[in-house]
Amino acid sequence: MATSSIVRPQRESRDSVVIRFAGDSGDGMQVTGSQFTLETALAGSDFSTFPDFPAEIRAPTGTTVGVSAFQIHFGGKDVMTPGDAVDVLVAMNPAALTVELGNLRVGGTVIVDTAAFNERNLNKAGYERNPLDDDSLAKYQVLKFDITKLTADAVKPHGLSSREAHLCRNMWALGLLLWMYGYERAATIDWLKRKFAKKPVIAEANVAALNAGHAFGETAEMAEHMVGYVVPKAEVQPGRYRTVSGTEGLAWGLVAGMRAAGIEKMVFAGYPITPASALLHTLANLRAYGVITFQAEDEIAASGAALGAAYAGALGVTSSSGPGIALKTEMLGLAIATELPLVVIDSQRAGPSTGMPTKAEQSDLFQAVHGRNADAPLAVVAPVSTADCFDIAIEAVRIATKYMTPVIILSDGYLAHAAEPWRIPREADLPRFPITYRTDPEGFHPFLRDPDTLARPWVKPGTPQLEHRIGGLERDYDTGHISYDPDNHARMTNARADKIAGIANDIPLQTVALGEDHGKLAVVGWGSTFGAIHQAVKIARDEGTDVAHIHVRYLSPFPRNLGELLKRYERVLVPEMNNGQLVKLLRAEYLVDAEGFSKVTGKPFRVTDIVQRIRGGAPPPSEGSGLGGEAG
C-alpha cells in the first residue's frame with residue numbers, strides 16, 4: 001500500500017511574537033500562559049506577560065464576562081511590553097473569540113476548539129450564526145481543531161471522566177503552541193508531576209494531552225498548512241536568571257531591604273484584596289528569612305499591626321489596593337505623627353470604590369501624595385517594571401528607616417501579576433544601610449532630631465532608661481511631651497515637611513531614559529507605563545522626531561533637578577493610566593505647561609497610541625481596547 005508523505009515548510013524566523021490564550025475562567029488559561037512563559041524563559045527568549053482575568057471567582061460558563069486571558073510577548077530583542085497586536089489567538093470558546101478578536105492583527109492566526117462552538121455557547125457569546133462557517137474571519141488564518149475530542153482520545157487510556165478529560169484541553173493547546181515555536185516540554189511535564197503528585201493518574205493524563213498536542217503539530221495532515229517558527233534567543237548579560245513577577249520582586253526586595261538595614265524581623269500585616277493578596281501569600285513562604293505574616297480582620301487592623309511592629313523595632317509592612325489604602329489613611333496619619341518607619345504597598349486597580357478589581361490603573365497617585373487629613377507628608381516611590389519591584393522595595397526600606405517615615409510603593413495590578421526575566425543579583429552587590437537603635441539615655445527625648453536627616457531616634461521598647469510615650473497628639477519640639485502650643489505646632493508641621501523634602505538630597509537626580517536632556521518634546525511617565533513610552537519614543541526618534549523619554553520613580557519628593565530638566569523642553573506630554581494626576585502635580589510644582597494623555601480602560605497603553613500622540617494626532621477610537629506593547 002502506497003503511503004503519502006506530508007511536505008512541511010521550513011520553520012520561519014520571527015524576531016518576536018505575541019500570543020494570547022483565551023477561554024472560560026475554568027479553562028486554565030492562566031496556567032497555560034504561565035507554563036508557556038516558563039518554557040520560553042528556558043529557551044532563552046526575552047519576554048513580557050499580561051495576565052488578564054475577570055473579577056468574578058467563577059463567572060457563568062461560556063459568557064463574555066467570564067473570559068480569562070493570558071498574553072505573552074517574546075522574542076530575541078529587548079521586549080518591554082506584552083505587545084500591541086496579537087499574532088496568535090487561542091480561543092477555547094465563542095465568548096473568548098468575541099472578546100479577544102479585536103486584539104488580533106489582520107492576517108494573524110486564530111486557533112479554535114470547534115467542539116465549543118455549539119448553539120448554546122454561540123448564543124451566550126452573542127453570535128446569531130457560527131463565525132467558523134461564514135466569512136467573518138476571512139482576514140485571519142483560522143485553524144479549526146476539535147480540541148475537545150483530540151484531548152479525550154489522548155487521555156482515554158487513563159480512565160478519566162468526561163469532565164476530567166475536558167479539563168486537560170489547555171494542556172493539548174499548550175503542546176500545540178510549544179511545537180509551533182520549537183520549545184521543549186520537559187519543564188511543564190516536571191511541573192505537572194509535582195502539582196498532581198497525589199493524583200498520579202491526573203498528572204499522567206495531562207502529560208498525555210500535552211504530548212498529543214505537540215505530536216499533532218508535528219504529524220497531523222493539517223501540518224502542511226501550519227507553519228512552525230523559530231524565535232531567536234535574546235542577547236543578555238551573563239548571569240543567573242529567573243522569571244519574576246512584580247509581587248515576587250516586591251517580596252524579595254523587602255527581605256533584602258530588611259537584611260540591608262540589619263533588622264532581624266519583618267512583620268507583614270495584610271487583609272485580602274485583589275490584586276494585593278498575592279504579596280501576603282508570597283511572604284508567608286519566607287518565614288525562614290525572618291518574615292512574620294499576619295492576616296488581620298480588616299485593613300485598619302492590618303496597618304495598626306504593622307505600625308506596632310515598627311514601634312517594637314521590626315520592619316513594619318502592610319499592603320492593599322486603592323479601597324484598602326483609603327481605610328488605612330488614619331493609621332498612616334498616626335505613623336506620620338509618631339514618625340515611625342512603615343512600608344505600604346499599593347497595588348493600584350481601577351476604581352473608585354470596588355471598581356474593576358482585576359484591572360490596572362494608576363489612579364491612586366493623589367491619594368498617596370495628599371490623601372490624609374492635615375499636612376501629612378510622606379515618601380512615595382513607584383517601580384517601572386516587574387524586575388524593578390525588587391530594587392524599589394529595597395529603596396523604600398532605606399528611606400523609611402533612615403528618615404523614620406512611612407513610604408508608599410505605588411505598584412499596580414499589571415505589575416503585580418506580569419512577569420519578565422530577572423537577573424538575580426549577587427548578594428555581595430546588594431546595598432547595605434545598617435540602622436542604629438538609640439540606646440544612649442544621655443540627652444534623650446523621643447523627638448530629638450538628627451541634624452542631617454531630621455529623623456527622630458528609633459528606640460526599642462524596654463531599652464533601659466529610654467522609656468517614652470508617643471502617640472497621635474502633637475509633641476513639643478524640644479521635649480517630646482504633649483503640646484497644644486500654636487507656635488510649636490507650626491514648628492513641628494514644618495519639621496515634618498522639611499524632613500520629607502530633604503529626602504530629595506538623598507535620591508538620584510532625574511535622568512533621561514532615552515534621548516537628549518533638552519529639545520522639542522519630553523514624554524514623562526511613571527510606574528508601569530515605562531515600556532510602552534520607551535518603545536514609542538524609540539520609534540519616533542527613529543523617524544527623526546526630536547523627543548525624549550523621562551520616567552519618574554520618586555514621586556514624593558520629586559528629584560531636585562526635575563523642574564529644571566522639564567523646562568528645557570518646548571513641550572511636555574504625560575501619558576498615565578488615570579484622568580491626569582502626575583500632569584497636575586508637575587504643573588502645580590513647576591509651573592510647566594505639561595499636557596496630559598489619559599487612559600482609564602483598565603488596560604495598559606499601546607505603543608502605537610503613544611507614537612500617534614507624539615506625532616501630533618489623537619488616539620484612535622479603539623484605543624481603549626488595546627494593550628501596551630511594541631508597535632509593528
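When a residue number appears, it is its place in the shown sequence, counting from 1.
- The shortest side-chain heavy-atom distance between Pro406 and Ile336 falls under the 4.5 Å cut-off.
- No side-chain donor from either of Asp346 and Gln348 sits under 3.5 Å from a side-chain acceptor of the other.
- Between Tyr181 and Phe74, the ring centre distance stays below 6.0 Å.
- Using a 3.5 Å distance cut-off with no hydrogens or angles, the side chains of Thr386 and Glu420 do pair a donor with an acceptor.
- Checking Gln581 against Ser363 by side-chain atom types alone, no donor-acceptor pair falls below 3.5 Å.
- The distance between the ring centers of His417 and Phe53 falls below 6.0 angstrom.
- You'll find the side chain of Phe366 reaches within 4.5 Å of the side chain of Leu585, heavy atoms only.
- Asp46 places no side-chain N or O within donor-acceptor distance of the main-chain N or O of Pro421, the cut-off being under 3.5 Å.
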TODO: Decide side-chain contact (heavy atoms from CB on, under 4.5 Å) for Arg242 and Glu248; before the verdict, give the C-alpha distance in whole Å, the side-chain angles of both, and the deciding distance to 0.1 Å.
DONE: CA-CA 11 Å; Arg242 64 154 292 152; Glu248 291 169 329; 3.9 Å; yes
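- Lys233 and Ser45 form no side-chain donor-acceptor contact under 3.5 Å, judged by distance and modelled atom types alone.
- No donor-acceptor pair under 3.5 Å is formed between the side chain of Gln510 and the backbone N or O of Leu566.
- Side chains of Glu395 and Tyr554: a donor-acceptor N/O pair is present below 3.5 angstrom, by distance only.
- At least one donor-acceptor pair under 3.5 Å links the side chain of Asn578 to the backbone N or O of Gln362.
- The neighbour count for Glu297 CD, taken as heavy atoms of other residues, nucleotides or ligands under 6.0 Å away, is above 12.
- Considering every non-hydrogen atom in both Ala416 and Pro275, the closest pair reads CB-O, 4.1 Å.
- Within the model, atoms OG of Ser320 and CG of Leu280 stand 11.5 Å from one another, a figure rounded to the nearest 0.5 Å.
- The distance between the ring centers of Phe50 and Tyr414 falls below 6.0 angstrom.
- Residues Glu595 and Val572 are not in side-chain contact: their nearest non-hydrogen atoms beyond the backbone lie 4.5 Å or more apart.
- The number of heavy-atom neighbours closer than 6.0 Å to CD of Glu330, taken from other residues, nucleotides and ligands shown, is 12 or below.
- Taking a 6.0 Å sphere around CG of Asp15, one finds it holds 12 or fewer heavy atoms contributed by other residues, nucleotides or ligands.
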TODO: Using the side-chain contact (heavy atoms from CB on, under 4.5 Å) rule, take Thr293 and Val291 through it: C-alpha gap first, then chi angles, then the decisive distance, then the call.
DONE: CA-CA 6 Å; Thr293 53; Val291 179; 4.0 Å; yes
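- Checking side-chain atoms of Asp412 against main-chain N and O of Ala360 turns up no donor-acceptor pair under 3.5 Å.
- Remark: the backbone N or O of Thr354 is paired with a side-chain donor or acceptor of Arg349 at under 3.5 angstrom.
- A distance-only check finds a donor-acceptor pair linking the side chain of Ser25 to the backbone of Gly66 [under 3.5 Å].
- Using bins of under 30°, 30° to 60° and over 60° for the plane-to-plane angle, the ring pair Phe530/His549 lands in the tilted bin.
- Using a 3.5 Å distance cut-off with no hydrogens or angles, the side chains of Glu100 and Asn103 do pair a donor with an acceptor.
- Here Tyr241 and Trp422 keep their ring centres 6.0 angstrom or further from each other.
- Between Phe36 and Phe70, the gap from one ring centroid to the other reaches at least 6.0 Å.
- With hydrogens and angles ignored, the 3.5 Å screen pairs no side-chain donor or acceptor of Thr243 with any backbone N or O of Thr37.
- Remark: Thr511 OG1 to Arg553 CZ distance equals 9.5 Å, nearest 0.5 Å.
- Across all their heavy atoms, Leu430 and Pro425 have their closest contact at CD2-CG, 3.8 Å.
- Shown here is Arg432, whose CZ atom has more than 12 heavy atoms of other residues, nucleotides or ligands within 6.0 Å.
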